[in-house]
Amino acid sequence: MRQEELVFVGICDLAGLVRGKGFPAVELDARLRQGVGLTGSNIMMSAFGPILATPFGTTGDLVMMPDRTARVQVPFDEGAAEHFYLADLQELDGTPWSCCPRDFLRRALIALEAEAGLVVHSAFEQEFVYSGIEDRPGATYALDAFRRQGIFGESLIGALRAAGVTPDSFLPEYAPRQFEVTVKPAIGLRAADDAVICREMIRSVAERLGHRALLAPVLKPDGVGSGTHIHFSLWDKDGKPASRDASAPYGIAPRVSPFVAGVLHHLPALAAITAPSVASYFRLQPDRWAPVWAFLGRQDRGAALRVAPVFPGAEAKADAQFNVEYRVADATACPYLALGAIIHAGLDGIRGGMRLPAELPGFWDMTEAARAEAGIEQLPRSLAEALDRLEATDVARAWFGPEFFAAYLQFKRSEIAALEGLEPSDICDRYAAIY
Ligand code: GLU
Ligand code: MG
């Protein structure tokens with residue numbers, strides 16, 4: 001059978017899924033200049049497939065313009081290579097489309113650099129369940145589980161590196177058959193591209209081995225979830241790390257603490273963007289190392305924002321290594337929207353001169369009343385609640401722009417409506433089938 005090489009161009013949409021179109025590789029040069037057509041409602045494809053609600057109807061043409069820096073070409077022993085580009089969504093005249101997720105992040109990065117002279121370095125950690133390994137009791141973080149995944153881990157690390165993403169670690173995680181892959185931090189937009197590519201490589205390698213990777217927030221309503229933890233630090237324009245001051249509260253430099261305070265302040269609204277599915281809220285439950293309270297903690301895996309440790313022997317690089325981990329995210333979030341929202345919120349903190357709360361001696365020893373007195377809120381308990389918080393956040397409307405803000409809220413509310421009446425376990429199954 002004669003075969004001809006194809007290239008795919010795609011965008012990561014509001015459901016956090018990559019969708020797009022393929023074309024013969026011989027036309028690549030022209031496509032890199034002209035892009036590939038799409039329509040507005042394409043970005044309103046629900047996680048479950050059909051378009052449930054859209055402000056764009058059937059009209060309008062857009063261009064997916066492939067970014068040459070976001071190219072993936074990974075050969076595999078059997079089957080076609082992975083060859084795709086991530087793209088920006090543009091109007092026909094080449095201006096960014098108002099609802100382009102990648103541009104949402106780009107606008108945040110540009111504003112942060114222009115107003116505060118700061119650049120973001122970040123890395124997304126991805127947890128997931130691998131179907132190609134049987135569950136054995138007690139295999140949590142176990143060498144046994146690490147061994148029994150066979151060549152999945154090494155194939156994934158190889159695929160990531162070939163895809164231009166620098167791998168950092170691969171580990172067996174807490175839940176049955178759960179693993180995690182982490183990658184090195186990248187600058188600006190590239191970190192979100194890396195996150196999208198990383199998820200696709202996880203799925204691709206699992207599928208090529210005849211299995212599946214399940215990135216859904218939880219597989220059972222009372223199970224341990226899979227998070228996407230986003231580590232970030234701020235650097236000045238000359239490439240010097242700016243986030244750490246060991247003598248300051250939380251070890252966070254005064255120049256950067258208003259940014260972190262902004263993220264903390266907006267956390268309940270940000271949840272609608274970073275934990276944006278109905279199932280996300282089955283993950284955000286007590287006693288699962290997933291956050292429930294909107295607080296900042298030093299080296300506390302129960303915190304929504306965790307000041308990550310600096311490891312011994314790394315003092316010389318401590319300033320560069322220092323980072324804050326945002327834990328209220330999962331794989332139903334689009335990485336461009338998630339990172340963009342964190343940066344928009346942080347910049348709001350800088351603009352407003354927001355201050356971090358005093359360091360708490362022992363959050364877990366505090367009563368709920370003491371937490372309330374310290375101004376610590378619970379994170380939203382459902383997507384509906386998170387969306388209401390987002391809608392009530394006036395500055396968030398400006399981060400998105402009016403058209404995108406309305407479209408996003410409509411999109412996510414239609415996802416809630418589509419699941420109405422289903423049992424929590426059925427809801428988990430619906431997401432597991434897709435993510
Ligand atoms: N699986 C946990 C979550 O849902 C996190 C475990 C960890 O700290 O690595 O976020
Ligand atoms: Mg983990």
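Order of appearance sets the numbers: ligands from 1, and atoms from 1 within every ligand. Worth knowing before you read on, the calculation uses all heavy atoms, side chains too, and leaves out hydrogens, waters and symmetry mates. Residue numbers start at 1 and run along the sequence shown.
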Note: ligand 1 atoms sitting under 4.0 Å from heavy atoms of R301 are 8 (O)
Worksheet item: Is the closest side-chain donor-acceptor distance between D348 and W399 under 3.5 Å?
Response: no
Among non-hydrogen protein atoms, atom 1 (N) of ligand 1 lies closest to E127 OE1, 2.7 Å
Can you label the angle between the Y130 ring and the F179 ring as parallel, tilted or perpendicular, going by 30° and 60°?
perpendicular
shortest atom 10 (O) of ligand 1-to-protein heavy-atom contact is with R283 NH2, 2.7 Å
Of all protein heavy atoms, the one nearest atom 8 (O) of ligand 1 is R327 NH2, 2.8 Å
Return a yes/no value for V224: is any of its N or O atoms, backbone included, closer than 3.5 angstrom to an N or O of ligand 1? no
### Message
If I take every N, O or S atom of E125, is at least one of them less than 2.8 Å from the Mg ion (ligand 2)?
### Response
no
Review point. Parallel, tilted or perpendicular: which describes the rings of F404 and F104, with under 30° parallel and over 60° perpendicular?
Key: perpendicular
Centre-to-centre under 6.0 Å for W97 and F56, is that the case here?
yes
In E173, the N/O/S atom nearest the Mg ion (ligand 2) carries the name OE2
At under 4.0 Å between heavy atoms, what of E173 touches ligand 1? The answer is side chain
For the Mg ion (ligand 2), the nearest N/O/S atom on E180 is atom OE1
Of all the N, O or S atoms in E127, the one nearest to the Mg ion (ligand 2) is OE2
* Asked: Centres of the F400 and H344 rings: under 6.0 Å?
  -> no
Between Y326 and T274, do the side chains contain an N or O donor and an N or O acceptor separated by less than 3.5 Å?
yes
Ring centroid separation F259 to F232 under 6.0 Å: yes
